[in-house]
Amino acid sequence: MQLDENLPTATATAAPAVSMKLLLRDAGIGIALVLLILFFALTTDHFLSPNNISNILTQITINLILAIGMTFVILIGGIDLSVGSMLAFCAVVGGSVLTIPDLSVFQAVSLATLAAVGTGALCGFLNGWISAFWGLPSFIVTLGMLNIARGAALQVTDARTIYSFPPSFNAFGSQMIYGVPVVFLIALALVAIAWFVLSKTVFGRLLYGIGNNEEAVRLAGHSLMTYKIAAFTIAGVLVGIAAMVYMARLNIASPIIGIGFELNAIAAVIIGGTSLSGGRGSVIGTLLGACIIGVLANGLILFGLSDFMRQLITGVVIILAVIIDKYRERITAA
Amino acid sequence: MNTNLAHVDSVAQPLLELHDIRKRFGGTVALAGVTLSVAPGEVHGLIGENGAGKSTLIKVLCGIVKPDSGAITLAGEAYAPHTPRDAKARGLQVVHQEFNLLPFLSVAENIFIEHLPRNALGVVKRRDMNTRARTALDAIGLKDIDVRWPVERLGIAHRQLVEVARALMTESRVLILDEPTATLTSRETERLFAIIDDLRRRGVSIIFVSHHLDEVFKLCDRVTVLRNGETVTSRRIGETTQDELVRAMVGQQLQKEMTHSIGSSARSETVLSLVNFRHAQSPHEDGISFDLHKGEILGIAGLVGSGRTELLRAIFAAEPPLSGTLMRDGKPAALRSPRDAIRAGIGFVTEDRKEEGLILSMPIAANVTMASLADVSRAGLLDQRAENALTEKLGADLKLKYGGPGKNAATLSGGNQQKVVLAKWLARKPEILLLDEPTRGVDVGAKAEIYALIRRLAERGLALLVVSSELPELMTLCDRIMVMSQHRIVGSLPRAEFSEEKILTYAYQGEKRQTGH
Amino acid sequence: MKLFKLASVVALVAATALPTIAAAADKPVVGLVMKSLANDFFKNMLEGAEAHAKKRGDYELKAIGMQNETDFESQLNGVENFITQGVDAIVIAPADSRAMVAPLKKAIDAGITVVNFDVSLDEQAKKDAGLDLAFVGPDNRGGAKLAGESLAKALGEGGKVVIIEGNPGADNAAQRKLGFEDAIAAGKLNLLDSRTAHWETEEANSVFSTMLTAHPDIQGVMAANDSMAIGVIKALDAAGRPDIKVVGFDNVSAVQPLLKEGKLLATVDQFGSQMASDAIDKALAVVGGGPKLEGWVKTDIKLVTTDDVK
């Protein structure tokens with residue numbers, strides 16, 4: 001007697017076609033990276049030199065770390081616009097601790113790490129809690145945090161740059177292992193941990209679930225608030241780590257660093273194939289996305305393109321990535 | 001299905017005539033032969049149960065849906081609109097059940113939205129527009145509404161009348177009113193009926209879609225009954241009775257289906273009891289009270305909007321209940337969230353699979369284990385093997401047809417998707433299962449399997465609370481059926497007293513009492 | 001407004017006659033419009049001005065800043081607020097050399113003494129608006145030339161250099177780039193590449209390390225501010241190229257250790273902390289009836305090298 005007029009029944013797609021599509025979907029971004037590398041390798045002199053490769057790896061490290069955190073947030077359908085400001089805040093808090101006189105290097109560095117990561121976690125927690133508790137869009141809440149964290153960083157330092165960190169800490173930032181920057185290895189380890197958390201744990205499963213269908217997850221008896229807060233807090237923790245890496249690499253902490261970094265992090269995540277509407281994507285994609293941005297920034301300089309053209313082309317690539325993302329969405333929906 | 005034309009008396013000079021309209025959506029037959037003729041100046045009632053095909057028919061008439069076959073003529077000429085605009089140009093208009101008003105624009109702007117009066121520069125002539133809107137509202141007796149108010153400020157009944165006013169702005173030959181009184185109070189209903197009478201005198205034909213038989217008898221000249229997407233009968237109102245129409249809506253054949261009786265597995269222990277239980281939408285202070293027993297299948301019947309879904313959601317604490325007591329195994333239980341409800345051994349198969357039940361773009365296994373992740377993980381780490389094993393075990397149990405636990409839920413047919421939702425709850429081994437329209441969008445074969453499963457669960461001692469708009473479904477499955485109307489339980493029937501007439505009588509009586517007819 | 005000015009002149013005259021009593025009530029009000037206070041350079045400048053106000057004690061200082069280097073809207077609003085409040089003088093470091101012309105014209109028409117310091121307003125824009133306004137400030141171009149010349153001296157003719165520029169579109173960035181280019185021409189240096197790093201340490205680090213890959217034969221770097229010079233020096237540390245020489249601009253405190261270690265060859269001090277107070281002095285002189293300022297009143301600049309730190 002019941003006739004359903006709105007739900008045409010879904011039919012199973014043929015299995016081989018699906019796997020072929022999936023392959024194309026997941027490998028697409030990797031193929032793009034390889035093509036980009038090939039292009040610069042053929043058109044410029046030094047692109048594939050060991051020095052330049054380690055340069056690129058150093059250059060993408062901070063963006064990659066921030067983008068890992070951003071992946072968690074975007075996966076649940078949120079956005080975090082405050083990471084750039086939070087980076088400055090975490091750095092000046094960490095930097096202040098790092099320059100406390102009469103501490104051993106070990107003490108200073110561990111306390112500073114604790115302070116920077118703690119600051120990031122606190123800001124991230126507030127982002128998550130405020131948006132989950134009051135049901136506010138994270139876009140607005142983190143826009144607020146963008147100003148709060150920047151203001152706090154300026155207030156704490158009275159707008160002054162902090163420097164004179166322990167020399168061994170400064171040296172750590174440019175350390176290499178077989179030509180690979182140590183800071184990049186740290187970022188890579190974070191990618192591995194994030195991948196594990198997202199794909200192998202109950203927590204990760206529920207983040208994907210929330211991004212796809214919040215109501216279904218809630219009705220399955222899970223507290224949305226807990227997971228949303230956790231995702232933002234993780235993003236904050238990663239900002240704290242990125243702040244330590246920033247200081248190790250550049251040996252200063254200033255309240256005006258990191259302006260606009262959130263946009264690069266978001267770009268890496270989106271280019272990496274994570275859907276802005278949440279629920280789909282991976283941190284491996286984010287790694288590739290960050291690589292594409294880094295390779296592009298580096299390669300275009302080697303190519304001899306002007307600053308303005310460089311910015312223009314980076315913009316084109318971001319838009320292309322989102323178009324591809326749209327196309328991918330259609331493939332999955334089919 | 002053959003079109004039963006025997007009862008359809010034709011009109012000498014029909015304005016609108018439909019012949020054998022058919023429409024399928026994928027595997028689902030929505031219209032299986034609708035034949036209908038409407039004379040000029042006639043008010044024609046269109047009735048039928050939920051899903052009988054009324055909405056599809058309206059969509060066909062206003063150009064949203066294209067029929068697969070059949071012929072329509074309007075004033076003697078072939079009529080096949082491609083868009084609602086087309087339909088309007090030919091003089092056919094629909095006042096929809098769901099509102100198409102723009103909440104932040106003014107009443108006047110909404111009335112004129114399609115033809116905003118403007119000057120040579122394209123600037124809207126606001127004063128002119130407001131004056132004309134005033135006249136339009138006065139004409140239908142809405143004198144107490146300022147045309148400059150945003151629609152958002154109006155109550156739901158007034159919005160419905162503004163919608164009517166908008167439709168009246170264009171001269172129509174045929175006006176279709178889809179459940180126009182659902183949101184109106186008796187005073188406003190009277191007002192609407194007066195408008196309809198006036199239109200009738202001006203020679204406009206009206207198709208009046210309604211659940212309320214008393215309204216149909218009061219207003220209509222003729223009435224057509226749809227069942228399973230086809231015209232069952234078409235009668236002059238003076239030549240039929242309410243009973244006859246209800247029988248026509250229900251169908252004899254389906255009544256037979258439930259004659260083979262099944263032994264009840266209901267036991268005496270009460271597992272769930274509600275005392276004056278009330279949720280935010282319930283208008284009654286005394287709320288709802290009933291008991292559910294172990295092994296019992298308790299059905300809830302009622303018209304759309306009678307508060308059945310809201311009741312289930314409140315029991316599951318999907319929306320926190322307002323007041324009253326919920327007793328679980330005889331002890332009061334304060335359930336504040338679905339998590340609490342699940343911990344109390346309650347599962348909830350929601351009405352809307354896609355929005356609330358499943359995560360379509362995630363694997364079947366992930367969907368099956370969504371409510372029981374603790375069972376397939378250790379220290380927060382997912383055990384993929386345990387997950388797949390659980391999925392395969394339940395899949396076999398439910399005769400799930402699927403490509404593998406790793407395939408996305410979107411690859412399944414409607415029936416199999418519903419089985420995945422059931423599997424999700426069975427994985428929790430609940431003691432109470434709430435089912436909202438458990439076979440919506442499910443084909444006949446899967447339906448039978450789901451029925452069998454529900455009975456088996458009851459035999460195992462599960463208590464089931466089933467909401468369904470399909471009376472035969474409830475009558476086949478349930479040990480007891482409660483009828484809801486306007487957020488109240490207006491009747492309760494033990495299995496021995498089941499009959500569609502009785503259920504519908506309760507359902508409509510409740511309506512009548514509320515609307516004051 | 002005129003009345004206000006008159007009153008303050010009267011007050012000033014009175015103050016000369018009765019030094020102890022009169023001043024408090026009718027002290028002239030100076031509105032100081034700064035650029036981003038989130039920057040050591042302007043921060044120092046503001047603190048210098050505040051100390052100066054306390055020391056002189058014969059005027060009231062009202063200061064406003066902006067959110068960041070490019071946010072000239074808040075400067076615009078600030079100037080308009082000062083006009084409404086009827087301050088006696090506006091002393092401004094304009095964020096945009098063209099956008100600020102119109103509001104300052106308005107201030108002058110309202111009878112307010114305006115002194116433009118730090119960055120000069122665009123000559124053409126001033127002419128178009130019919131605004132005749134002197135500029136009190138350092139010679140960014142001259143300063144950059146000083147720094148560039150010290151690099152040229154260290155490298156000798158034919159030395160290969162790159163420039164790290166400030167924000168494209170910023171007047172001081174353009175002036176400093178011109179100054180570097182002057183030094184390159186004078187010292188017959190070879191300019192390999194010139195790119196912006198938007199005044200930022202991290203970006204300078206990334207951009208320069210890539211430039212170094214493209215041009216491994218770089219011998220010297222001219223950075224348009226010290227923050228970027230820090231990023232460049234860090235890249236040199238990482239690449240193991242202590243042979244490459246770097247000059248900066250601004251003489252911020254964070255480069256002091258680098259000067260000491262010899263990693264930074266030279267930087268330029270524009271005495272920022274005094275620049276605002278100098279401009280205020282000049283404004284008060286005009287308010288007090290002194291002659292109108294004309295043309296470009298240059299403030300001190302000085303090349304700072306390792307020798308100055310030791």
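The chains referred to below are lettered A, B, ... by the order of the sequence lines, with proteins before strands, and numbering in each begins at 1.
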- Query: Could you name the residues of residues 219-237 of chain A that have a heavy atom within less than 4.5 Å of a heavy atom in chain B?
  - Reply: A/Leu219, A/Ala220, A/Gly221, A/His222, A/Ser223
Residue [X] versus chain A: region with a heavy atom under 4.5 Å:
X        : result
B/Leu358 : backbone
B/Arg313 : side chain
B/Ser372 : neither
B/Phe316 : side chain

Where is the tightest heavy-atom contact between [X] and [Y], given as atom of each residue plus distance?
X        : Y        : result
A/Asn213 : B/Glu355 : OD1-O, 2.9 Å
B/Leu382 : A/Thr201 : CD1-O, 3.5 Å
A/Asn212 : B/Ser361 : OD1-OG, 2.7 Å
A/Arg205 : B/Leu373 : NH1-CD2, 4.1 Å

- Message: Between the side chains of B/Glu319 and A/Arg218, is the shortest nitrogen-to-carboxylate-oxygen separation below 4.0 Å, so that they form an ion pair?
- Response: yes
- Toward chain B, the part of A/Phe196 with a non-hydrogen atom under 4.5 Å: side chain
- Between chain A and each of B/Met362, B/Lys424, B/Arg428, count heavy-atom pairs under 4.5 Å; write down the option with the most. B/Met362
